[in-house]
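Here's the structure, in C-alpha cells; my notes come after.
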Amino acid sequence: MTAAAPTLTSRNPADPSDVLVSIPAPGAFAAADAVERARAAQPGWLTGGAAARSAALGAVAAAIEAAADELAALAVREVGKPLAEARAEVARTVAIWRYYAQAPYEPSGAVHEPAVGPGLLLTRRRPHGVAGLITPWNFPFAIPSWKAAPALAAGNTVVLKPAPEATACARRLASLVEQALPADVFTVLPGGATEGNALVSAADVVSFTGSTTVGQAVARATTARGIPVQAEMGGLNAAIVLPDADIGQAAAHITASIAGYAGQKCTATSRVIAVGAALDPLREALSEALRAVTVGDPADPSTVCGPLINEHARDQVSAAWDGLSVLAGGTVPGLPGWYAAPTLVEKVSPGHRLLCEEVFGPIAALLPADDLAHAVRITNSVPYGLVTSVHSTGLDTVLHGLDQLDTGMIRVNAPSTGVDFHLPFGGAKASSHGPREQGRAALEFYTSSRTYTLSPAQTM
C-alpha cells in the first residue's frame, strides 16, 4: 500500500483558521520532471535572442504592476506582512523585473589582443542551464524575483521551490510570469524538504535563501556535485550607536529594524550596541519608540508589527525574553493570531541565545560598549556577518572603524533593513556562502565564463 503524500498547508498567521492552501506535496519525481522539462526548454529560450528575453521580462514587470493591489493583499493574508510593507515589496518586485529586462542587451564578454602574432582572444559568458531556486516565505515576491529575473535574463530556465508558508504567493507569481514566457521556462514546484533536495540534486546552478542549517546542507550537496551555488542564510545584526549620534533618529531607525514585519527579516536588528554616553539616552528613546509601535492586523495600513509566521515562531520569541530584564514589550498580545510585542532587553549574559542565535522575531538586546573598537569587537563576536548599521554624525570616526567590521553590508545613519536590488547583496561567515546576489553580481553568478582563442588559418 502506497503511503499518502504529505500535505502542504498554508495558513493566515493573523487568523490561523483561514487556510489558503492545502495540497498534496508533489514529491521528488515531480521535481526531477520539472528540471528535465526546463532543461529541454532552455536552448530555445537562449537562442530566441536578447530582444525576446528582454521583452518577456518587461512583460512580467507590467503584469505584476497591473496586479499590485491583489498581490499585496495576498502577502498580507498568507505571510502576515503589514500592508504598507507588502505594497512596497510588490513595487520593488516590479522594479527588479524592469531592471533585469535590460540585461540581455549587456555585453556578454570581451575581446583581447593575443600576446604574440595575429588572431583574437575572446571571453564570453554563457548560462549554466537550469537554475534551481529555493526561497523563503518572508519576501514571497521579491526574493523569487531577484533570483529568477537575472537567471532568465542570462538565458537559463528556472525551477522555483518556495517555502510551504508562501505557496499561494508563489503560485500567483508563477501565473503572471508564465503567461509572458514560453512553456517550461519558469516553473513553480511547491513542496518541502523532499522537493528541495530533489531540486538540488538535479539543477545546474542553485540559489538558496533560508536557514543556516539548511543552507549549509545545500552548499555541501551542490559542492559535491561540482555545480555553482549561493546560499544566503542567517543574521545576528548589530546597530552601533556612537555618543555623537542623533539619538532620536537612531532610535527611530533601530525601532523600524526591530519591529518592522515582526523582525522577520534576515537584515533585522537584534543587537543594539550603545557606545559610552549614548547608553542612557538611547535606552530611554528606544524603549519609548518600541512601546509606541502599532501591533495588530497586518491588513490595517497603520500596523507596523504584525503576527509571527506560525505558533512555533511566536513561542521562540517569547521564550527568548524569559528571565531577562525587559525594557519594552515582553508580552504576547491577546489577539487571534501569532503575535509578540516588540521587545528590548538588557543585562544579557554573553552565552545567552539572543547573542548566539538568530531568533527571527521582534526582539533585540541592548549592549554597552566602552568605545568604537569595543563595539566592533562585540559586533564581530557572533557566527554571522550580514549587515551592521552605524549611527553617528562624525563620519571620520565611523570611516575609521568600518573596515574592521566583519559584515558584508554596512549602513550608516540608516536602518539595518532595506536593500538596493542593483547592488551586490550578501554577508560574511555563516550568513552567506558563495558569490553575491542581486545587481550585476547575479548575472555573473548565473553564467560561466569561456575563453576562445581565434587564430587565422594557415595558407599554403
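The residues of the chain are indexed from 1 along the displayed sequence.
The distance from the CG atom of Leu83 to the OG1 atom of Thr303 is 9.0 Å, given to the nearest 0.5 Å. We find the CG-OH distance between Asp406 and Tyr384 to be 14.5 Å, quoted to the nearest 0.5 Å. Going from atom OG1 of Thr451 over to atom CG of Leu121 covers 8.5 Å, rounded to the nearest 0.5 Å. With values rounded to the nearest 0.5 angstrom, Arg87 atom CZ is found 6.5 Å from Asp69 atom CG. Ile143 contributes atom CD1, which lies 11.5 Å from atom CG of Leu133 (distance to the nearest 0.5 angstrom). Atom CG in Leu71 sits 8.0 Å away from atom OG1 in Thr93 (nearest 0.5 Å).
Judged by distance alone, the side chain of Asn138 and the main-chain N or O of Ile309 form no donor-acceptor pair under 3.5 Å. Formation of a donor-acceptor pair under 3.5 Å by the Ser416 side chain with backbone atoms of Ser257 is not found in this model. With hydrogens and angles ignored, the 3.5 Å screen pairs no side-chain donor or acceptor of Asp15 with any backbone N or O of Pro336. A side-chain donor-acceptor contact under 3.5 Å links Gln230 to the backbone of Pro435. Side-chain atoms of Asn237 come within 3.5 Å of backbone atoms of Ala268 as a donor-acceptor pair (strictly under, hydrogens ignored). Looking at Arg436, its side chain never comes within 3.5 Å of a backbone N or O of Ala441 through a donor-acceptor pair.
Contact annotation: the side chain of Val241 approaches that of Ile254 to within less than 4.5 Å [non-hydrogen atoms, C-beta and beyond]. Residues Val382 and Arg271 meet the side-chain proximity criterion, which asks for heavy atoms closer than 4.5 Å. By the 4.5 Å heavy-atom criterion applied to side chains, Leu46 and Arg53 are counted as neighbours. Proximity of Thr157 to Val130: side-chain heavy atoms (C-beta onward) are separated by under 4.5 Å at one or more points. A 4.5 Å side-chain heavy-atom check between Leu405 and Val390 finds at least one atom pair inside the cut-off. Side-chain contact between Val295 and Pro342 is present, with at least one heavy-atom pair separated by less than 4.5 Å. At a threshold of 4.5 Å between non-hydrogen side-chain atoms, the residues Met409 and Leu386 count as touching. Between His253 and Ser389, the closest side-chain pair of non-hydrogen atoms is not below 4.5 Å.
Crowding of Asp18 atom CG: a count of heavy atoms from other residues, nucleotides or ligands under 6.0 Å exceeding 12. Arg450 CZ: 12 or fewer foreign heavy atoms inside a 6.0 Å radius.
Looking at every heavy atom in both residues, Tyr339 comes nearest to Ala14 through OH-CB, 3.6 Å. A pairwise comparison of heavy atoms in Ala259 and Leu290 identifies CB-CD2, 4.4 Å as the closest pair. The two residues Pro26 and Gly191 come nearest to each other via the heavy atoms CD-CA, 4.5 Å. In terms of heavy-atom proximity, Gly192 sits nearest to Pro164 at CA-CG, 4.3 Å. Pro82 approaches Gly306 most closely through the heavy-atom pair CG-N, 4.1 Å. Taking both residues in full, the closest heavy atoms of Ala72 and Val90 are given as N-CG2, 3.8 Å, listed atom of the first, atom of the second, then distance.
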Next on the checklist: What verdict does the side chain to side chain contact (heavy atoms under 4.5 Å, CB included) test give for Ile227 and Asp204, after you've listed the backbone C-alpha separation in whole Å, the side-chain angles of each residue and the deciding distance to 0.1 Å?
Outcome noted: CA-CA 6 Å; Ile227 66 168; Asp204 302 311; 5.7 Å; no
Next on the checklist: Please determine whether side chain to side chain contact (heavy atoms under 4.5 Å, CB included) holds for the pair Ile23 and Arg171, giving the CA-CA distance in whole Å, both sets of side-chain angles, and the decisive distance to 0.1 Å.
Outcome noted: CA-CA 12 Å; Ile23 58 172; Arg171 294 168 84 181; 3.8 Å; yes
Next on the checklist: Quick one, Glu89 with Arg92, criterion salt bridge (charged side-chain N to carboxylate O under 4.0 Å, His left out). Give me CA distance, side-chain angles, the key distance, then yes/no.
Outcome noted: CA-CA 5 Å; Glu89 180 183 347; Arg92 182 175 9 160; over 6 Å; no
Next on the checklist: Please determine whether side chain to side chain contact (heavy atoms under 4.5 Å, CB included) holds for the pair Phe208 and Lys161, giving the CA-CA distance in whole Å, both sets of side-chain angles, and the decisive distance to 0.1 Å.
Outcome noted: CA-CA 10 Å; Phe208 169 89; Lys161 206 295 289 180; over 6 Å; no
Item to check | Glu65 and Trp97: CA distance, side-chain angles, deciding distance, side chain to side chain contact (heavy atoms under 4.5 Å, CB included) verdict | outcome: CA-CA 10 Å; Glu65 187 170 44; Trp97 286 95; over 6 Å; no
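Side-chain contact annotation: Ser432 with Glu232, donor-acceptor N/O pair under 3.5 Å present. Side-chain contact check for Lys265 and Thr417: no donor-acceptor pair (N or O, by modelled atom type) lies under 3.5 Å. Side-chain N/O atoms of Ser449 and Thr123 include no donor and acceptor closer than 3.5 Å. Donor-acceptor pairing under 3.5 Å is recorded for the side chains of Arg172 and Ser175.
Between Tyr99 and Phe421, the ring-plane angle classifies as perpendicular under the 30° and 60° cut-offs. The aromatic rings of Phe425 and Trp146 sit tilted relative to each other, their planes meeting at an angle between 30° and 60°.
A search for side-chain contact (heavy atoms from CB on, under 4.5 Å) contacts involving Ser392 returns Leu242, Asp244, Val398, not counting sequence neighbours.
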Please list every donor-acceptor pair under 3.5 Å in which a side-chain atom of residues 178-189 meets a protein atom from a residue at least two apart or in another chain.
residue	atom	partner	partner atom	Å
Asp184	OD1	Arg37	NH1	2.7

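Lys81 forms a cation-pi arrangement with Phe139, by the criterion of a distance under 6.0 Å to the ring centre and an angle within 45° of the ring axis.
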